[in-house]
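Beneath this line is the structure, given in structure tokens, with notes to follow.
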Protein chains: 2
Amino acid sequence: MNTSPQNAARESYHHGDLRAQLLEATRQLVEEKGPDQFSVSEACRRAGVSTAAPYKHFKDKEEMLHHIAHAGMERQRQQMLDELALCEAGTLDRIVAMGRVYIRFALAEPGVFRLMFGLSEDHADHCDLVQLGDDTFCVVQSEVAKCHGRSEVIESDVNEAFLLWSFVHGLSFLLIDGKLKEAKVPFDMEITLLDIARRVVGPSGSEN
Amino acid sequence: MNTSPQNAARESYHHGDLRAQLLEATRQLVEEKGPDQFSVSEACRRAGVSTAAPYKHFKDKEEMLHHIAHAGMERQRQQMLDELALCEAGTLDRIVAMGRVYIRFALAEPGVFRLMFGLSEDHADHCDLVQLGDDTFCVVQSEVAKCHGRSEVIESDVNEAFLLWSFVHGLSFLLIDGKLKEAKVPFDMEITLLDIARRVVGPSGSEN
DNA sequence: ATCTGCATGTTAGCACCTCTAACATATGTT
DNA sequence: AACATATGTTAGAGGTGCTAACATGCAGAT
């Protein structure tokens, strides 16, 4: 807790803010090198501590990454809520806005985005991540229902929300994996999102 | 080249079929543990050779995984062509069939599927993977055009094909990541695919 | 048939990584 | 002041990717 807890060079034996600084280093490295290439050692180097230090704050490497993924989901969710606050209620614009935020987040933080969804889905332990994702999904369902003039979510709303989610999720991955560069697909994000919203939250394609 | 190149216990100094056997072990491990958890050492153990042996056949770990991803793409592509051969030309069924194969492959071989798309998109080196993906994507474009009664692919076909790809890609990942378990989305694959095909390769949602 | 070259296996070892144990130092409670 | 606790350190075990140097066997030239 000396002059500058930010700087690596510290004068006191104790760090003062190591936990937060390790998490920040982890987040940066996940972005720079990708979740796979992240190493605890490198985060330690960046924070200016020994390689054993993190284990006073985190159970293991997985737990560090888990925190990053969790924070990412909360950031993404908050961005959605912020964007929704700017749109008129019950309009397709709100659907488009959520998709825009989803994809914008993926493009802005591809490393964290990959972590959020790529992190092992091994049942428990990560149930808070699953919970956060579900919460966000529920917001989408609710918006779809409102577009149809309903205040209650019915099964077809769930279905349409899930179609929308699949689409933006897939588009996000194709974009950050660069699959659309070579395939020379000329597309405008805003138009595409509106197009999809119209096609999905519109006249149904089948009786079901 | 003795009695059984399959069995780990070999009598001769030389293995006879190490390259193929290492690739098979790699494929198995990628499925069992996931691409991240795969280790060359373990593949060696499974093939019954020392940890240095693979480097007579492959440049590095990355190259081994690359082969698995490549083989996966070819398998997926072949499955698509096989399935297409069973469908009547110019029908939506063909679109549905391709989506079905895509998702079925992801569910059957999630490890390889992740590898196919998760493997570093670092420019060159993997250009053959990109090429294979593009080839498959071109087939989708062509099928979309045929559904519209065209023999030539025009820009709107590319766009619709890309919407379809995004959707099945996203759905595949959501499924193998188990995101749809907790969200209790009740859906029938065949109906959903047909639904999407109708919505996308149907009346456009916007003028563009 | 033998010699010799090359492909393909081995062991040894470096550098790096995760994580633990044992020890050191600062902090705050009594 | 004494002590318990939190949080840092060094040392090291065990795993991993990969290379260098050496060993073995196959195959073609003489």
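Here is the naming used below: chain letters follow the sequence lines, and residue numbers restart at 1 for every chain. Both backbone and side-chain heavy atoms feed into the values below; hydrogens, waters and symmetry mates do not.
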* Within the pair A:H57 and D:dA6, is there a side-chain N or O less than 4.0 Å away from OP1 or OP2? -> no

* To do: Side chain of B:A52 only, please: which of C:dG9, D:dT16, C:dT11 is the nearest?
  => C:dT11

* Asked: Between D:dG17, C:dT18, D:dT10, which one does the side chain of A:Y55 approach most closely?
  -> C:dT18

* Integer-rounded Å distance: D:dC18 P and B:L22 CG -> 13 Å

* Which whole-number value in Å describes the distance from B:Q37 CD to D:dG17 P? -> 11 Å

* If you pin B:K56 and B:D60 to their nearest nucleotides in DNA chain D, which one's is more 5'? -> B:D60

* Spacing of B:E62 atom CD relative to D:dC18 atom P, expressed in whole Å -> 9 Å

* Asked: Salt bridge between B:R77 and B:E74, side-chain N to carboxylate O under 4.0 Å?
  -> no

* NA contact type, B:S39, heavy-atom cut-off 4.0 Å: base, sugar-phosphate, or nothing? -> sugar-phosphate

* Asked: To the nearest angstrom, how far is A:E42 atom CD from C:dC17 atom P?
  -> 7 Å

* **Options D:dT9, C:dT20, C:dT10, nucleotide nearest the side-chain atoms of A:V49** => D:dT9

* Salt bridge present between B:K146 and B:D157 (N-O < 4.0 angstrom) -> no

* To the nearest 0.5 angstrom, please state how far the CG atom of A:L171 sits from the CD1 atom of A:I196. => 8.5 Å

* **Distance in angstrom units between A:M64 CE and C:dC19 P, rounded** => 10 Å

* Could you tell me if the ring centre of A:F173 sits under 6.0 Å from that of A:F113? => yes

* Round to a whole Å and report the spacing from CD of A:E63 to P of C:dC19. => 11 Å

* Structure fact -> Winner on side-chain proximity to A:T51, out of C:dA12, C:dT8, C:dC19, is C:dC19

* Asked: So which nucleotide from C:dT11, D:dC18, C:dC17 ends up closest to the side chain of B:K61?
  -> D:dC18

* Asked: Mind checking whether A:Y55 and A:V40 have side chains closer than 4.5 Å, heavy atoms only?
  -> yes

* Whole angstrom value for the distance that separates C1' of D:dT16 from CG of A:D36 -> 15 Å

* Asked: Could you state the CD-P distance from B:Q21 to C:dG9, rounded to the nearest angstrom?
  -> 10 Å

* Asked: Contact class for B:S50 vs. all strands (heavy atom < 4.0 Å): base, sugar-phosphate, or nothing?
  -> base

* Answer yes or no: does a side-chain N or O of A:R45 lie under 4.0 Å from OP1 or OP2 of C:dC16? => no

